[in-house]
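The structure under discussion appears below in the form of structure tokens.
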Amino acid sequence: MRLYNTLTRSKEPFVPAEPGKVRLYVCGITAYDLCHVGHARSAVVFDVLVRALAAQGLEVIFARNFTDVDDKIINRANELGEDPNALAQRYIQAFYEDMDALNVRRATLEPKATEHIDEMIQLCQDLIAKGAAYATPSGDVYFRVRAYQAYGELSGRNIEELEAGARVAPGEEKEDPLDFALWKAAKPGEPSWPSPWGPGRPGWHTECSAMSEKYFTLPLDIHGGGQDLIFPHHENEMAQTGASRGQALARFWMHNGFVQIDSEKMSKSLGNFKTIRDIIAQYLPETLRFFLITKHYRSPIDFTTQAMEEAEKNLIRIYTAKQAMEEALANQKWNKTPLPDDVLREFADIKALFDEAMADDMNTAAALGHVFGLVRLVNRVLEDKALRKSEQGKAFFEEAQDALAAWGDILGVFLQPSSGFLQQMRDVRGRRAGIDPARVEALLQQRQEAKKAKDFAAADAVRQELTLMGVEVRDTPQGPAWDVR
RNA sequence: GGCGGCAUAGCCAAGUGGUAAGGCAGAGGUCUGCAAAACCUCCAUCCUCCGGUUCAAAUCCGGAUGCCGCCUCCA
């Protein structure tokens, strides 16, 4: 597998340091609010990475932390008059619910900042001992950025550039505006822990370095997160570990691109903030997951109604083929019609292309293209009356199902029973379109009666009415069915 | 101002040196009482523009234009 490494700004062959085992650490959430679609993307991207690595037979030790003490949490707790820790726990719970809906697997390790205070204090002490950090009279501890030669290597910045933008907040006692907080003295009423510098709490960047070295032999194989974390978060983590331990925190740094909403940056001020919950109230969670993997993970992706509806149609196409295969396999008598060689050849090509796409820096967009290649191939065989009932066709359908299931395991989609999924999809699309299923059923009944009476004009009139409602009638051997257009 | 990214058909989107995947939409056909699904065919002589390198460039280099991100909390 080749992966793009932010550190070297190029794709590199990925080989774990320890054969067969991958040490992966991804920055998780700060638990102060509901997760938005951006969190969903990051979670899905790295979930696919974990699944893709596992599919290659690698054992993935995956840590995803929770920041459960932080300014934002404290501020929000104060606003709501809630205990900061209780608030953080509440949002961690919400995170789990959202991730479960998106079929994002739990990480192997899910360390919380508040459970690693001692380790963070130790890291601060080590950094101070090395001259890489200093404590202030008021009990803050800062990292001495200028003392760390390699600072800026991840984000491609240098000290001079950074100086212009750096600023010192009132009350901070930094030696240099570039320095960042490793430990913050507690203000009255804030959660705090005792430390050599008095009661306080960790700075944001400290936890990832401390927890990484607690749970892993450094360097990590891969450290990941959203693109926005490159600077300053990951740059600072690197500096902390580099200065304290004299070695790299991670070999590969991976960063996913942002989600935009209707071509605009998602932000609270624009009022276009989309939580996962907002979205799955309107669409199936699988639609959101599918949408998120329709584009390469490093590119920005634009969340729009049109894109979501296209994702729905794509999923319907895949699940419809899956269902059609299931129906074909329910057949009992199989004939001897041989499957043409080109079908098997094409099938083999598609499988190879899917693997290639995923091995090339997790190109899920290309991989999905090959899923559709298989869908078309399957439908083509299904279309052939003789082949559909042949022994070799049966074997092909079974292998195609296996391929689809294997790919589904990697991508985390199209894993559900097809008929249930298609039903849910119809319901959710119908709800959005304001379609009343009872009314549809009643009209369908009317049409059936008209058809029975061979009154095709009346039957077509009903169809017309349903069409205007956005309902498509489908006559099947099992009777009439309907879908939302 | 500094750093970085992106520009591919009506829309979405792969493709980083060898002559444009895939999806949606659209047109025609097969199937159907009519439809739908599905299948077949068509739909970018061309990849923002201008130069250059090369036998060969959407792909590399230089320039222009446009859009976006980061530099402050942020996935």
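Numbers restart at 1 for each chain; the letters A, B, ... are given by sequence-line order, proteins then strands.
By the 6.0 Å and 45° rule, A:R157 stacks over the aromatic ring of A:F231.
Across the P atoms, B:C61 and B:U54 are found 16 Å apart, a figure rounded to whole Å. The gap from the P atom of B:A35 to that of B:C50 amounts to 47 Å, rounded to the nearest Å. Nucleotides B:A58 and B:G18, compared at atom P, are 11 Å apart to the nearest Å. Rounded to the nearest Å, the gap between the P atom of B:C43 and that of B:G51 is 29 Å.
Ring orientation note: the planes of A:W253 and A:H255 are close to parallel, at an angle under 30° on the 30°/60° scale.
Of all nucleotides present, only B:G52 satisfies the Watson-Crick or G-U wobble test against B:C60, with each distance under 3.5 Å.
Between the side chain of A:R157 and the base of B:C71 there is no donor-acceptor pair of N/O atoms closer than 3.5 Å. Remark: the A:R474 side chain and the B:A37 base include no donor-acceptor N/O pair separated by less than 3.5 Å. One cannot find a donor-acceptor pair under 3.5 Å joining the base of B:C73 and the side-chain atoms of A:D70.
Put simply, CG on A:N272 is 14 Å from P on B:C68, counting in whole angstrom units. When rounded to the nearest whole Å, the span between CD of A:E346 and C1' of B:C39 equals 13 Å.
Distance from the side chain of A:R9 is smallest to B:G4 among B:C74, B:C34, B:G4. Checking B:G33, B:A36, B:C74 against every side-chain atom of A:K265, the shortest atom distance belongs to B:C74.
The aromatic ring of A:F258 is stacked on the base of B:A75, with the two ring centres less than 5.5 Å apart and the planes inclined by under 30°.
Taking side-chain N and O atoms only, A:K295 has a distance below 4.0 Å to OP1 or OP2 of B:A13. Taking only side-chain nitrogens and oxygens, A:N363 comes nearer than 4.0 Å to OP1 or OP2 of B:G15. The side chain of A:N256 places no N or O atom within less than 4.0 Å of a non-bridging phosphate oxygen (OP1 or OP2) of B:A75.
Each of A:R380 and A:T320 lies near RNA chain B, and the nucleotide nearest A:T320 is the one positioned closer to the 5' end. Checking A:D228 against A:V473, the closest nucleotide of RNA chain B that is more toward the 5' end is the one next to A:V473.
A:W407 is linked by a ring-ring contact (aromatic ring centres under 6.0 Å, His included) to A:F354, counting only residues two or more places apart in sequence or in another chain.
Heavy atoms only, all atoms of each residue included: A:V484 and A:A433 are closest at CG1-CB, 4.5 Å.
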Letter by letter from the 5' end, nucleotides 17-28 of chain B scores (B base, S sugar-phosphate only, - none; protein heavy atoms under 4.0 Å) ----BSBSS---
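For an aromatic pair to be called close, the ring centres must be under 6.0 Å apart, and A:H234 with A:H205 fails this.
Sparse packing is recorded around CD of A:Q149, with 12 or fewer heavy atoms of other residues, nucleotides or ligands lying under 6.0 Å away. Atom NZ of A:K389 has 12 or fewer neighbouring heavy atoms from other residues, nucleotides or ligands inside a 6.0 Å radius.
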